[in-house]
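Proteins come first, then strands; the chains are lettered A, B, ... in the order of their sequence lines, and each starts at number 1. Owing to the predicted nature of the structure, the values given are computational and were not obtained by experimental measurement.
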Amino acid sequence: MPKKRSLTKKLLTWYRANKRSMPWRDHPDPYAVWVSEIMLQQTRVETVVPYFERWMMRFTTIGKLAAASQQDVLNLWEGLGYYSRARNLHKAAQVVVDEHQGALPADLSALQKLPGVGRYTAGAIASLGFGLDAPVVDGNIKRVLARIFNVEEAVDTTVGEKRIWALAEEYLPGGEAKDYNQALMELGATICTPRNPKCETCPVNTICEANKLDLQGERPVTKPKAEVPHYTVAAAVIQKRGRVLLAQRPADGLLGGMWEYPGGKQEDGESLPVCLRREIREELGVKIKVGEELGLYRHAYSHFRVTLHAFLCELKVGKPKAIEAQAIKWVWLKDLGDYPMGKLDRMISETIVAKR
DNA sequence: CAAGCGTGGCA
DNA sequence: TTGCCAAGCTT
């Protein structure tokens with residue numbers, strides 16, 4: 001086993017000489033650390049930077065965030081994905097105002113009680129925001145520690161996770177958690193990468209067990225992943241006097257709270273127009289006439305792929321009432337930007353505008 | 001505790 | 001084109 005002192009010293013020295021500049025790193029305060037950590041969940045630094053800048057400009061304090069509408073919050077988050085993060089951040093801000101006088105608590109277990117804050121994020125706010133001695137484990141750290149210590153258990157199982165957290169805690173240098181945690185993550189992001197790690201320039205290559213055994217490619221061990229299903233989906237662009245009908249998705253689940261063109265999944269053996277008429281009847285309670293196809297869009301989500309066919313439609317019978325959807329609204333084309341949508345619906349919007 | 005939850009970059 | 005993965009959390 002590597003010696004603690006020698007490992008942590010090498011990592012800290014390397015980090016202080018090589019850390020990248022980031023907006024939340026250059027002026028750290030607990031609120032900025034919190035927002036950045038939520039945005040960075042499963043998301044790359046370069047993607048987050050512009051969202052973070054806009055967010056901190058618009059919601060300068062936790063109080064301002066708490067007082068905002070969910071619509072404004074989702075709008076700033078649009079395009080970033082995993083929208084429950086935005087809804088939870090908003091909710092948590094209200095908890096912080098109501099129960100912690102508007103300031104984040106400098107306490108690991110109190111932090112972890114906030115919606116959207118798990119063990120990693122609580123540790124990150126505690127160490128990076130408050131300078132406390134708390135360990136963190138993210139995807140980078142799992143990989144880095146699994147290689148340095150040649151961990152043979154799969155890191156995405158309960159047993160493997162426990163082992164990694166124990167290593168993170170055991171090797172945490174007292175008083176240096178802030179830089180040490182970031183050093184491990186920075187090493188994972190820039191040197192100890194999933195593919196083609198740059199072991200030649202790694203500051204701990206003489207200590208790393210996987211490097212010594214030439215097992216970098218075999219670590220970390222993970223369990224096999226499930227196949228992703230493929231769905232065919234139909235969406236209706238229902239127009240009326242220059243406006244289109246948007247429906248708001250239910251608050252939870254996929255794209256929760258976002259606006260979309262109504263429609264849904266094609267069932268076995270069903271034609272697309274039939275699918276669309278059925279979905280619109282169930283979702284809005286009206287009948288439509290299906291017209292020409294506006295476009296075909298392919299998109300990959302985390303756990304499935306879709307091919308979406310969008311059709312220009314007309315209302316035939318009845319006035320749309322929200323049944324499956326939370327709410328519906330006729331929206332001028334120029335106002336589409338005010339409504340937070342997922343990628344696919346945004347693509348359809350662009351096609352509509354381009355075709356006019 | 002396995003499954004659900006977005007999007008973009010890269011090989 | 002497809003699969004993999006990226007500063008995870010919730011149910």
Do any side-chain atoms of residues 295-322 of chain A form donor-acceptor pairs under 3.5 angstrom with protein atoms, and if so which ones, sequence neighbours left out?
{"from": "A/Tyr297", "atom 1": "OH", "to": "A/Thr351", "atom 2": "OG1", "distance (Å)": "2.8"}
{"from": "A/Arg298", "atom 1": "NH1", "to": "A/Thr307", "atom 2": "OG1", "distance (Å)": "3.1"}
{"from": "A/Ser302", "atom 1": "OG", "to": "A/Tyr82", "atom 2": "OH", "distance (Å)": "3.3"}
{"from": "A/Thr307", "atom 1": "OG1", "to": "A/His230", "atom 2": "NE2", "distance (Å)": "3.0"}
{"from": "A/His309", "atom 1": "ND1", "to": "A/Glu293", "atom 2": "OE2", "distance (Å)": "2.7"}

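- A/Tyr120 has its OH atom 8 Å from the P atom of C/dC9, to the nearest Å.
- Spacing between B/dG6 and C/dT11 at atom P, rounded to whole Å, works out to 14 Å.
- One can place CD1 of A/Ile38 at 11 Å from P of C/dG8, the figure rounded to the nearest angstrom.
- Here C/dC9 presents its C1' atom at 14 Å from CZ of A/Arg119, a figure rounded to the nearest Å.
- Between the CD1 atom of A/Ile164 and the P atom of C/dG8 there is a distance of 14 Å, rounded to whole Å.
- There is no side-chain donor-acceptor pair under 3.5 Å between A/Tyr120 and A/Gln41.
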Sequence neighbours left out, cut at 3.5 Å: what donor-acceptor pairs do the side chains of residues 48-67 of chain A make with other protein atoms?
{"from": "A/Tyr51", "atom 1": "OH", "to": "A/Glu78", "atom 2": "O", "distance (Å)": "2.8"}
{"from": "A/Trp55", "atom 1": "NE1", "to": "A/Tyr31", "atom 2": "OH", "distance (Å)": "3.4"}
{"from": "A/Arg58", "atom 1": "NH2", "to": "A/Asp72", "atom 2": "OD2", "distance (Å)": "3.2"}
{"from": "A/Thr60", "atom 1": "OG1", "to": "A/Lys64", "atom 2": "NZ", "distance (Å)": "3.2"}
{"from": "A/Thr61", "atom 1": "OG1", "to": "A/Gly63", "atom 2": "N", "distance (Å)": "3.4"}
{"from": "A/Thr61", "atom 1": "OG1", "to": "A/Lys64", "atom 2": "N", "distance (Å)": "3.0"}

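- Side-chain atoms of A/Asp156 and A/Thr222 form no donor-acceptor pair, as typed in the model, at a separation below 3.5 Å.
- A/Arg277 meets the side chain to side chain contact (heavy atoms under 4.5 Å, CB included) test with A/Pro273, A/Val274, A/Ile288, A/Val290; sequence neighbours excluded.
- The nearest whole Å value for the distance from the NZ atom in A/Lys225 to the P atom in C/dG3 is 13 Å.
- Counting non-hydrogen atoms under 4.0 angstrom, A/Arg305 reaches a base of the nucleic acid.
- Between A/Val117 and A/Ser36, the one whose closest nucleotide on DNA chain C sits nearer the 5' end is A/Ser36.
- Take A/His100 and apply the side chain to side chain donor-acceptor pair (under 3.5 Å) test, not counting sequence neighbours, and it matches no residue.
- The CE-P distance, from A/Met39 to C/dC9, rounds to 16 Å in whole Å.
- In this structure A/Arg87 satisfies the side chain to side chain donor-acceptor pair (under 3.5 Å) test with no other residue, sequence neighbours excluded.
- A/Asp138 places its CG atom 14 Å from the C1' atom of C/dC9, with the value rounded to the nearest Å.
- Contact annotation for A/Trp77: no contact, since no heavy-atom pair falls under 4.0 Å across all strands.
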| Taking protein heavy atoms under 4.0 Å as touching, what does nucleotides 1-11 of chain B look like 5' to 3' if B marks base contact, S marks sugar-phosphate-only contact and - marks none? | SS-BBBBB---

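- Taking atom C1' on both nucleotides, B/dC1 is separated from C/dA6 by 23 Å, rounded to a whole Å.
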